Protein chains: 2
Amino acid sequence: MPPATITDVARAAGVSPSTVSRALNGGRASAATIDQVNRAAASLKYRPSYIGRVLSAGRTDSVAAVVASLRRSALIEALGGLHAEAARQGLSVTLVEPSGGQGRDDAAFLRRDRDRFDGIVLLGRTVAESEREIGGEKLIAIGSYGKDETVGTLDPTATAAEHLRRLGHRSVHYIGVAHADPERTDYDGSRETSFFRSCSDSFVAATSSGTAPTVEGGFSATVTAVTGSSARPSALIAGTAEIAIGSATALRQLGLHVPGDIALIGIEDHPLAALLGVTTIDVGSEARGRRIACDVAKTLHPEAVDMSAVPPVSAPRVSLRLRSSC
Amino acid sequence: MPPATITDVARAAGVSPSTVSRALNGGRASAATIDQVNRAAASLKYRPSYIGRVLSAGRTDSVAAVVASLRRSALIEALGGLHAEAARQGLSVTLVEPSGGQGRDDAAFLRRDRDRFDGIVLLGRTVAESEREIGGEKLIAIGSYGKDETVGTLDPTATAAEHLRRLGHRSVHYIGVAHADPERTDYDGSRETSFFRSCSDSFVAATSSGTAPTVEGGFSATVTAVTGSSARPSALIAGTAEIAIGSATALRQLGLHVPGDIALIGIEDHPLAALLGVTTIDVGSEARGRRIACDVAKTLHPEAVDMSAVPPVSAPRVSLRLRSSC
DNA sequence: ATGAAAGCGCTAACAC
DNA sequence: GTGTTAGCGCTTTCAT
């Protein structure tokens, strides 16, 4: 037996389909009718069809999350925030990891599935020109800094570099994310750019290397950076939480004392970084996710968005988590 | 200007909507017509409406993932596998974290949104009776062991306990997941049950404690278990990857030598566990996710499922990753 | 090979 | 306050 439709309920309640719709959705209807309809709906185990509603309403009430990688805790956190807030706003979140992890096919995805969603959120990368054209308004990237905001206080890499400079460090090595696809510009790329920009006149020596955004990547990049032929830097900046954890692990296994022999600061905070005493720049991934969900919700029903659980935009977006590694 | 519909294309191509549909979906149509239609579609930038298709086809081609927690790497891995394989099969994955992380509202979710999805996958918990009734066929849980399979080789906790027994351990402490909601039965609960069942006659002393499935939880539970008033166990079993990592960190900070002073084995593998030398039981989360996606796909088009990227069911589901912590 | 028509489940005008 | 009608975009018989 197929699920009951609104027509069935209407018949059972002795009213018309539209009345059922109104009764169920809080439109104009007499108390008696509402009761009648609820009764009928209950006895028929009626549940409204999502698809039917969407088709006629023109909204899907769902957002796509294009996650660059499910193995980066900062992105998962952002996803969590996005999802939690979206749920509060009555939106659901559909996962769209770019095929092959390269982001190449995002354009194809956008072209095909754009109107399955009320919003498309990019986590862990910025929007490419070509994508902007296709995605239009719906496309929102999380994790980009600058633009309409004061770069100084919002750029985590600059904050990290500044912190090290104040502590008197002169030679700093940045371990960033290396992508298989060199054309890809995501926010890790912008972090590296920012690193060189913000420290070029502060440090005697600023170097960088790229690796996979994993603990293994951080581990091996650290070994290379620290035991390599050139002079050992006095401080390391790790571009992601996983890199920082791998880095801390490597330094320990190399028998280097932190921060005595070398300092370490990580971009993106992580519970384990706290446990390991690694100073980090908290980029507030979770809050960013929440905020984005609100942005999407606002495009749908500008008036009715409940912002109560979302930190105000004026709140600082990155903050130093001072621990013992610097 | 609203997006072009199939009717627009039909008009532009000088044919009927149904012909357009056939031409576009590989139905019977003359080559000339197909070409004609493609041309018109292209010039109008026509893209088929997902909603329209779903409404008339009756399939949503999407599955819901009910993830118990986004902070457990094993579940994220499973989600990754589910998602990757689903994508290969033309399915999309919508994220549904149980409200409040308590799982209480899953029933409500199921009742409301059941037919938005072709399948509903539970990650990190088993299916409750009440949910089974509502969810029916569509409801699949990942991460349960036993049932139709030989428990001996598939139960990770039993494997861990057995490994420790062979190494001569007599007093073992299991650190499992404590839930806010005691009624909840997820697979961590079954892991604890399995622990006591599988070691009751092997060890002189078997104890357990519960904590949050996080590195902090693992850390503090380990401190308690190891420095508590009672005799220190000779080995620890950590119920999740995060607990194992927290545990390893705690043991190090306590100055205990592993495995000299105390052994540690973790359930669920993790890159960092490898780096830290923690022996684990790999439960194959990613593969489990993939398999589930195939199961769902098979219910949709039993014939056309491409199993090439999925490990055979006969493959061992849990395996010992021997490292230096035991 | 193609067109006409019905209908998927629901909502929104508009009339009563 | 409620019923009628129309239509969201597509697929799918059934004729032609």
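Just so we're clear, the structure is a prediction, and the values are computed from it rather than from any experiment. Residue numbers begin at 1 in each chain, while the letters A, B, ... track the order of the sequences.
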Novice: Once you round it to whole Å, what is the distance between C1' of dG1(D) and CG of Asp35(A)?
Specialist: 16 Å

Novice: Answer with yes or no whether the side chains of Ser92(A) and Arg116(B) bring together a donor and an acceptor at under 3.5 Å.
Specialist: yes

Novice: What verdict does the side chain to side chain contact (heavy atoms under 4.5 Å, CB included) test give for Thr94(A) and Val93(B), after you've listed the backbone C-alpha separation in whole Å, the side-chain angles of each residue and the deciding distance to 0.1 Å?
Specialist: CA-CA 6 Å; Thr94(A) 292; Val93(B) 175; 5.8 Å; no

Novice: Take the protein atom CD1 of Ile51(A) and the nucleotide atom C1' of dT11(D), then report the distance between them rounded to whole Å.
Specialist: 15 Å

Novice: How about Arg47(A): does its CZ atom have over 12 heavy atoms from other parts shown lying under 6.0 Å from it?
Specialist: yes

Novice: With heavy atoms of chain A within less than 4.0 Å as the criterion, where does contact along DNA chain C begin and end?
Specialist: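 It runs dG9(C) to dA13(C).
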
Novice: Decide yes or no on side chain to side chain contact (heavy atoms under 4.5 Å, CB included) for Ile6(B) and Ser21(B), but give the supporting numbers first.
Specialist: CA-CA 7 Å; Ile6(B) 206 171; Ser21(B) 175; 3.8 Å; yes

Novice: Expressed in angstrom and rounded to an integer, what is the separation of Arg116(A) atom CZ from dC10(D) atom C1'?
Specialist: 15 Å

Novice: Taking it one step at a time, do Arg291(B) and Asp295(B) satisfy salt bridge (charged side-chain N to carboxylate O under 4.0 Å, His left out)?
Specialist: CA-CA 6 Å; Arg291(B) 178 104 23 84; Asp295(B) 290 350; over 6 Å; no

Novice: Scan side-chain atoms only and decide if Ser73(B) and Arg71(A) contain a donor-acceptor pair under the 3.5 Å cut-off.
Specialist: no

Novice: Without decimals, in angstroms, what is the distance between Gln36(A) CD and dT2(D) P?
Specialist: 10 Å

Novice: Between Glu268(A) and Arg72(A), does any side-chain N to carboxylate O distance fall below 4.0 Å?
Specialist: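 Answer for the salt bridge query: yes.
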
Novice: Between Tyr50(A) and Thr60(A), what is the shortest heavy-atom contact and its length?
Specialist: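 Taking every non-hydrogen atom into account, OH-O, 2.8 Å.
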
Novice: Between protein and nucleotides 13-16 of chain D, what N or O pairs are separated by less than 3.5 Å?
Specialist:
none

Novice: Nearest whole Å is fine: how far is dG3(D) C1' from Arg11(A) CZ?
Specialist: 15 Å

Novice: With pairs defined as Watson-Crick or G-U wobble and both distances under 3.5 angstrom, please note down DNA chain D as a dot-bracket string, | for pairing with another strand.
Specialist: ||||||||||||||||

Novice: Whole angstroms only, please: what is the OH-P distance between Tyr50(B) and dT11(D)?
Specialist: 13 Å

Novice: Taking OP1 and OP2 of dT2(D), is either one under 4.0 Å from a side-chain nitrogen or oxygen of Ser30(A)?
Specialist: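 Affirmative; the distance criterion is met.
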
Novice: Taking any heavy-atom pair under 4.0 Å as a contact, classify Val54(A): base, sugar-phosphate, or nothing.
Specialist: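 Touches nothing.
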
Novice: List the atom of Ala10(B), the atom of Ser16(B), and the distance in Å for their closest heavy-atom pair.
Specialist: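 Between these two residues, the closest heavy atoms are CB-C, 3.6 Å.
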
Novice: Calculate the interatomic distance between Ile6(B) atom CD1 and dT12(D) atom P; express it in whole Å.
Specialist: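 Taking CD1 of Ile6(B) and P of dT12(D), I get 11 Å after rounding.
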
Novice: Any idea which heavy atoms bring Ala65(B) and Leu82(B) closest together, and the distance?
Specialist: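 Heavy atoms only, the tightest pair is CB-CD2, 3.9 Å.
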
Novice: Quick one: Leu24(B) CG to dC10(D) C1', roughly how many Å, whole number?
Specialist: 11 Å

Novice: Reading DNA chain C from 5' onward, which residue's closest nucleotide shows up sooner: Gly52(B) or Thr33(B)?
Specialist: Thr33(B)

Novice: For Val20(A), which of Asn38(A), Val15(A), Ile34(A) qualifies under side chain to side chain contact (heavy atoms under 4.5 Å, CB included)?
Specialist: Val15(A)

